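If you're wondering where the values come from, they're calculated on a predicted model, not measured in any experiment.
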Amino acid sequence: MREFRRKQRIVKRIMNAFVITTAVLLFILIGIEPMFKDGNAAGVGIALHYLCEALVIISLALVLYYYSKYSKSDTFLTNVEYELSDCGYYITKKDDDTVDGFYKSVRTDLINNAFSISENLELTELDFALRGVKRKELVYVVTTDVLDKNDVVAHLDSVVYDITAGLMRRMGDVLLIFICDKAEEDAVALSKTITVLGKKERLRVALAIAEVESGRAYFLGNNPTKCQQMAASYVLGTEVPIADSLKGERLKFQDELEEKMKDFDLNEYTRGNFFSH
């Protein structure tokens with residue numbers, strides 16, 4: 001991934017240099033064009049005209065090449081970079097030591113922040129303790145004893161279906177909170193993933209895991225978005241930026257992800273054969 005990003009930066013610098021140079025020369029040519037209309041200078045004016053046309057064509061070709069090659073993977077790679085640079089976990093300031101107590105605390109916070117609450121929902125045959133809605137913000141809460149990867153994937157799919165097919169939303173910030181006694185490693189490995197929906201990426205679904213037994217919370221906390229703010233507020237009980245005292249050490253799954261991303265292949269990704277998790 002680092003090598004891929006390095007090549008991307010080089011191509012972007014070359015593209016920007018050509019675009020800026022072309023724009024500057026066009027402005028200069030427009031200003032001095034009257035000087036080359038007559039006499040021997042006319043040849044110079046024609047040469048400059050053709051030079052600018054060539055630069056415009058090269059610039060357009062570079063722009064098309066850059067965005068056709070790199071734009072499809074840019075959001076994906078940016079999210080992975082956030083995952084790798086984030087701390088492994090956060091320490092919640094909430095002092096509830098049971099799943100039910102933590103859930104009631106989250107519920108109270110949502111009500112105090114003007115969320116419309118629906119409890120004990122069944123969405124695509126899966127149980128949700130709560131769904132909170134406030135304009136473009138949505139929060140789903142799942143309570144369980146032990147959380148594994150299959151639980152996370154199944155409930156995430158259910159939330160996506162409910163948002164797009166049930167609520168007919170095309171934009172917004174969504175936080176899916178899992179409150180559990182214990183989170184398995186494979187579930188924690190998914191905690192920092194962001195699901196982006198829509199052509200303009202206006203619908204974002206983030207995950208947060210509150211592990212009551214350890215007092216830890218797992219979510220993407222270094223990307224300044226509305227989802228980050230909601231996770232910090234309702235799971236950690238704090239504001240952003242998150243204090244360093246609440247940040248834990250890097251976890252094993254981040255090292256494994258970094259190793260996997262060394263083999264990132266754009267062609268495999270565009271074919272749908274490369275996944276970060």
Side-chain angles (χ1 to χ4, degrees), residues 1-13 66-67 69-92 147-157 174-178 180 182-197 201 204-211 214-232 235-236 240-277:
M1 182 180 70
R2 290 180 178 177
E3 181 64 19
F4 180 84
R5 284 298 214 186
R6 186 184 69 82
K7 293 178 180 178
Q8 180 183 2
R9 287 192 292 270
I10 292 173
V11 174
K12 189 173 184 179
R13 291 192 190 104
Y66 179 84
Y67 285 101
K69 183 176 178 64
Y70 296 107
S71 62
K72 294 179 181 178
S73 63
D74 196 52
T75 299
F76 169 75
L77 292 177
T78 298
N79 288 336
V80 170
E81 287 167 345
Y82 274 119
E83 286 189 60
L84 295 176
S85 60
D86 196 14
C87 66
Y89 61 90
Y90 295 87
I91 304 298
T92 180
L147 182 70
D148 62 23
K149 179 179 180 179
N150 293 330
D151 293 327
V152 175
V153 173
H155 283 86
L156 177 58
D157 288 343
V174 186
L175 181 66
L176 171 56
I177 302 174
F178 295 94
C180 61
K182 175 66 177 176
E184 301 290 351
E185 287 187 11
D186 56 1
V188 171
L190 298 178
S191 61
K192 297 182 184 298
T193 58
I194 303 293
T195 301
V196 182
L197 304 171
E201 302 179 352
R204 299 170 60 87
V205 184
L207 306 175
I209 300 174
E211 190 179 56
S214 64
R216 293 181 176 184
Y218 306 93
F219 63 93
L220 187 64
N222 63 340
N223 187 2
T225 63
K226 176 56 71 173
C227 292
Q228 177 219 31
Q229 294 175 20
M230 290 193 291
V235 179
L236 292 189
V240 292
I242 301 171
D244 290 340
S245 60
L246 300 179
K247 297 178 181 179
E249 60 189 9
R250 182 183 173 97
L251 295 179
K252 179 182 177 182
F253 82 87
Q254 292 170 294
D255 295 330
E256 294 173 348
L257 176 60
E258 185 170 19
E259 190 65 27
K260 180 179 181 179
M261 292 305 297
K262 290 180 181 178
D263 299 323
F264 175 74
D265 187 288
L266 180 62
N267 293 326
E268 289 297 307
Y269 173 77
T270 53
R271 294 191 194 104
N273 297 326
F274 187 94
F275 303 93
S276 59
H277 296 280

message: Suppose we screen for salt bridge (Lys or Arg N to Asp or Glu O under 4.0 Å). Which residues come up paired with Lys252, at least two apart in sequence or across chains?
response: Glu256

query: What pair of heavy atoms forms the shortest contact from Ile209 to Ala187, and how long is it?
result: CD1-O, 3.6 Å

task: Could you go through the side-chain contact (heavy atoms from CB on, under 4.5 Å) check for Gln229 and Val240 one step at a time?
output: CA-CA 6 Å; Gln229 294 175 20; Val240 292; 3.8 Å; yes

- prompt: Quick one: side chain to side chain donor-acceptor pair (under 3.5 Å) partners of Glu211, sequence neighbours excluded?
  reply: Ser214, Tyr218

Shortest non-hydrogen contact between Phe178 and Val152, atoms and distance: CZ-CA, 3.7 Å

- prompt: Under the side-chain contact (heavy atoms from CB on, under 4.5 Å) criterion, do His155 and Leu147 qualify, and how do the steps go?
  reply: CA-CA 11 Å; His155 283 86; Leu147 182 70; over 6 Å; no

- request: Could you list the residues that satisfy side chain to side chain donor-acceptor pair (under 3.5 Å) with Asp86, not counting sequence neighbours?
  value: Tyr90, Lys192

field: Any donor-acceptor pair under 3.5 Å from Glu249 side chain to Gly88 backbone
entry: no

query: What is the distance from atom CZ of Arg204 to atom CG of Leu197, rounded to the nearest 0.5 Å?
result: 10.5 Å

Heavy-atom side-chain contact between Phe219 and Leu236 under 4.5 Å: yes

message: Could you report the tightest heavy-atom contact between Gln254 and Cys87, atom names first, then the distance?
response: NE2-O, 3.8 Å

task: Identify, with sequence neighbours excluded, every residue that meets side chain to side chain donor-acceptor pair (under 3.5 Å) alongside Gln8.
output: Arg5, Tyr66, Asp74

message: Does any part of the side chain of Met261, heavy atoms only, come nearer than 4.5 Å to the side chain of Leu77, both counted from C-beta?
response: yes

task: Quick one: pull up CD in Glu81 and CD in Glu258 and give me the separation to the nearest 0.5 Å.
output: 11.0 Å

message: Between Arg250 and Leu84 (side chain of the first, backbone of the second, donor and acceptor by atom type, cut-off under 3.5 Å), is there such a pair?
response: yes

- prompt: Can you name the side chain to side chain donor-acceptor pair (under 3.5 Å) partners of Tyr67, sequence neighbours left out?
  reply: none

- request: Start with the C-alpha gap between Leu207 and Thr193, add the side-chain angles, then the distance that decides, and say whether side-chain contact (heavy atoms from CB on, under 4.5 Å) holds.
  value: CA-CA 7 Å; Leu207 306 175; Thr193 58; 3.6 Å; yes

field: Gap between atom CD1 of Ile194 and atom CG of Leu220 - 0.5 Å precision
entry: 5.0 Å

- request: Applying side chain to side chain contact (heavy atoms under 4.5 Å, CB included), name anything that partners Asp186, two or more places apart in sequence or on another chain.
  value: Asp148, Lys149, Glu184

- prompt: Step by step, would you call Leu251 with Glu185 a side-chain contact (heavy atoms from CB on, under 4.5 Å)?
  reply: CA-CA 10 Å; Leu251 295 179; Glu185 287 187 11; over 6 Å; no

